[in-house]
Amino acid sequence: RKEVEQDPGPFNVPEGATVAFNCTYSNSASQSFFWYRQDCRKEPKLLMSVYSSGNEDGRFTAQLNRASQYISLLIRDSKLSDSATYLCVVSNTGNQFYFGTGTSLTVIP
Amino acid sequence: DGGITQSPKYLFRKEGQNVTLSCEQNLNHDAMYWYRQDPGQGLRLIYYSQIVNDFQKGDIAEGYSVSREKKESFPLTVTSAQKNPTAFYLCASDGRGYNSPLHFGNGTRLTVT
């Protein structure tokens, strides 16, 4: 079983739509959780960390559900510039990082 | 500004040649990592180092070598023993604190023909 699993998509949504991605992880001892954004042929960039109580950054909301071992990312009022691949990243106490394969999002005018 | 610098951005080599990818960071991070990304695939860990003069193999270390003589530098050598070296190589570092994220360099795209 993979450490981290994501639906690869693609998700094609119209501008202004709300879209949500989920990511499941297998190690219940995982400690830290992140969402990264990766544009085509570029490096991943940190979008936001995910905290136990959930957190919001503008149009982006991240949630963690430890009981069910998943994290989610909600994007409201999608913009064309949100088109990218979103990577779920989980780390454990040994500073080992595990990556999902990414979810592709295309926002359509 | 602090960050991670990878060079070169694009690299072309003939099969059978060794090639070294540079990674330098000025974030004062102890831990550094090398990942490989193939089209449509996730990142796979090649090597990592948690402290100077120490490094560990990742999931796909065969055909690669690293050194960590300085905190700031973690070069990766792709040897001729690596069967499929053409890929996007990403160097990263992290501060090793709780909830400390990975910071990535801008990557080196290696093409071997």
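Basis for what follows: all heavy atoms, side chains included, without hydrogens, waters or symmetry-related copies.
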Determine whether B:Ile60 and A:Val4 fall in the same hydrophobic cluster, where Ile, Leu, Val, Met, Phe, Trp and Tyr are linked whenever their side-chain heavy atoms lie under 4.5 Å apart. no
Hey, is CD on B:Glu62 packed in by over 12 heavy atoms from elsewhere, all under 6.0 Å? no
Distance-minimising heavy-atom pair for B:Ser100 and A:Phe34: O-CZ, 3.6 Å
Which residues in residues 70-80 of chain B have any heavy atom lying under 4.5 Å from a heavy atom of chain A? none
Which heavy atom of B:Phe88 sits nearest to which heavy atom of A:Arg41, and what is that distance? CZ-O, 4.2 Å
Below 4.5 Å from any heavy atom of chain B, which atoms of A:Tyr51 appear? Answer side chain, backbone, both or neither. side chain
Within a 6.0 Å radius of atom CD1 on B:Ile51, are there more than 12 heavy atoms belonging to other residues, nucleotides or ligands? no
Taking side chain as everything from C-beta outward and backbone as N, CA, C, O, which of these in A:Ser91 sits under 4.5 Å from a heavy atom of chain B? Side chain, backbone, both or neither. neither
Non-hydrogen atoms of chain A under 4.5 Å away: do they reach the side chain of B:Arg109, the backbone, both or neither? side chain
Can you say whether B:Leu90 sits under 4.5 Å from chain A via the side chain, the backbone, both, or neither, judging by heavy atoms? side chain
Less than 6.0 Å separating the ring centroids of A:Phe97 and B:Tyr35? no
Check whether B:Asp94 gets within reach of chain A through its side chain, its backbone, both or neither, counting any heavy atom under 4.5 Å. side chain
For B:Leu43 and A:Leu87, what are the C-alpha separation, side-chain angles and deciding distance, and is it a side-chain contact (heavy atoms from CB on, under 4.5 Å)? CA-CA 10 Å; B:Leu43 276 70; A:Leu87 300 175; 4.3 Å; yes
Closest heavy-atom contact between A:Pro44 and B:Phe104? O-CD1, 3.5 Å
Can you get from B:Leu110 to B:Tyr33 by hopping between Ile, Leu, Val, Met, Phe, Trp and Tyr side chains that sit under 4.5 Å apart? no
Between B:Leu102 and A:Phe99, which heavy-atom pair has the shortest distance, and what is it? CD1-CZ, 3.6 Å
Under a 4.5 Å cutoff for heavy-atom pairs, which residue among B:Gly105, B:Ala31, B:Pro39 has the most contacts with chain A? B:Gly105
Would you kindly confirm whether A:Leu73 and A:Leu105 end up in one hydrophobic cluster when ILVMFWY residues are joined by side chain heavy atoms under 4.5 Å apart? yes
Answer yes if A:Phe21 and A:Val89 sit in the same cluster of Ile, Leu, Val, Met, Phe, Trp and Tyr residues linked by side chain heavy atoms under 4.5 Å apart, and no otherwise. no
Would you kindly confirm whether B:Val66 and B:Val19 end up in one hydrophobic cluster when ILVMFWY residues are joined by side chain heavy atoms under 4.5 Å apart? yes
Partner chain B: residue of A:Lys42, A:Glu43, A:Gln31, A:Gln6 with the largest heavy-atom pair count (under 4.5 Å): A:Glu43
Could you verify whether a donor N or O on one side chain and an acceptor N or O on the other, from B:Gln37 and A:Gln38, lie under 3.5 Å apart? yes
